[in-house]
Amino acid sequence: MKRKVLGMVLATSMVAATLVGCGGGSEQAAAPAADAPAAEAEAPAAEAETEAPAAEAEAEAEAPAATASGNKVGVAMPTKDLQRWNQDGSNMQAELEAAGYEVDLQYASNDVATQVSQIENMINGGCSALVIASIDGESLTTVLEGAKSAGIPVIAYDRLIMNTDAVSYYATFDNYMVGTKQGQYIVDALDLDNADGPFNMEITGGSPDDNNAKFFYQGAIDVLQPYMDAGKIVVPSGQIEFATVGTPAWSTETAQSRMENILSSNYADGTNLDIALCSNDSTALGVENALAANYTGNYPVVTGQDCDIANVKNMIDGKQSMSIFKDTRTLASQVVKMVGQIMKGETVEVNDTETYDNGTGVIPSYLCEPVFADVNNYKELLIDSGYYTEADLQ
Ligand code: BGC
């Protein structure tokens, strides 16, 4: 992705961030859905400045309402292996059921063919709307033709589904902002504006078939690039480009073995690794395992994303510096709201109509705001909010 475009993405993200978190004020506030709670109809102060994009967002959000009738919603999740998707799935199910929908929730063991056949069954089994967190964003074009011709609206959940005009909406956390927050954490932790360095960094990216992975990577690199250009950050392995740092299927084991190789080739002589930029928690876990097994130097700043329990425990133990908290409850609530709006033929709440082009055009999106978590704020974020109990983190 081109820097210029991402600069615009950052600007867009920042505007979105000042306007909304999930469930906060939104660009739809000017024309609230009939059943929207009163608080949501109040325009936040900042909105005056963004009237133009708001109007644009609304115009683009006037997509055709569902033509399939009934109240069953299909929810396709990628895998039970990663903690977050279990939470996403169960939150979606609970919220949809509470809103009066019947739910067909399926997990596909990270197997594309399984996910395709689950979606086929949802289409043939009478679902009136589909919410899909794809495994491989490029692999659903054919099966979703069936959804389109049956008039079944599709919401891409967390990950954009590419190359199909069957996708009506996208709801996610601001993926580019996830990366910028990871990058900024590193800048602050090492005081890069004042320190001379050079600091040694290694990068562990996400799965190349996940559209989010490039946004996470680019967000972080855009923040860190000036320090790399100034020679304050160097990458001893030389593996910097997205294509060379990816971790297929976000696998912990793959991230671990790659980092073991990097450590033995570049750090076995006692060179310190100062920064392990990891796109998410499953890859961070692999890197942390590699560090535990193969590294005796000063412990690096390690980033992550998702606040998975194993990683929060590592954060408490000093083995991971930060994670990004994406409260799956807020994303689920937002998507349930969007499902309701689609089913009732109401204007669907979106707050971004520029960033996510899936190859057939920009998909109107709702971006929730991610926040960083570390050892200093995890209690407030994760325990006080009821996301985890103290016992979960023992
Ligand atoms: C999600 C991340 C997650 C990763 C691996 C991404 O699409 O946005 O939260 O860590 O997939 O499951």
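Counting convention: from 1, in listed order, for ligands and their atoms alike. Note: hydrogens, waters and symmetry copies are ignored here, and every other heavy atom, side chains too, is used. For clarity, every value in this text was computed on a predicted model and none was experimentally measured.
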Parallel, tilted or perpendicular: ring planes of Tyr356 versus Tyr170, cut at 30 and 60 degrees: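 Correct class here is perpendicular.
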Applying side chain to side chain donor-acceptor pair (under 3.5 Å), run through Ser282 and Asn280 and close with a yes or a no. CA-CA 6 Å; Ser282 61; Asn280 86 331; 3.0 Å; yes
Evaluation steps, side chain to side chain donor-acceptor pair (under 3.5 Å), between Thr328 and Asn91: CA-CA 7 Å; Thr328 51; Asn91 288 335; 3.0 Å; yes
Pairwise ring-ring contact (aromatic ring centres under 6.0 Å, His included) hits with a residue in residues 278-337, at least two apart: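 Found Phe325-Tyr387.
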Does some side-chain heavy atom of Met201 sit less than 4.5 Å from a side-chain heavy atom of Asp274?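 Sidechains of Met201 and Asp274: no contact.
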Does the side chain of Gln87 reach to within under 4.5 Å of the side chain of Arg329, using non-hydrogen atoms?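 Of all side-chain heavy-atom pairs linking Arg329 with Gln87, none is under 4.5 Å.
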Ligand 1: protein residues within heavy-atom distance under 4.0 Å: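 Near ligand 1, by chain and number: Leu82, Arg84, Trp85, Asp158, Arg159, Asp210, Asn212, Phe216, Trp250, Asn280, Gln305, Asp306, Lys326.
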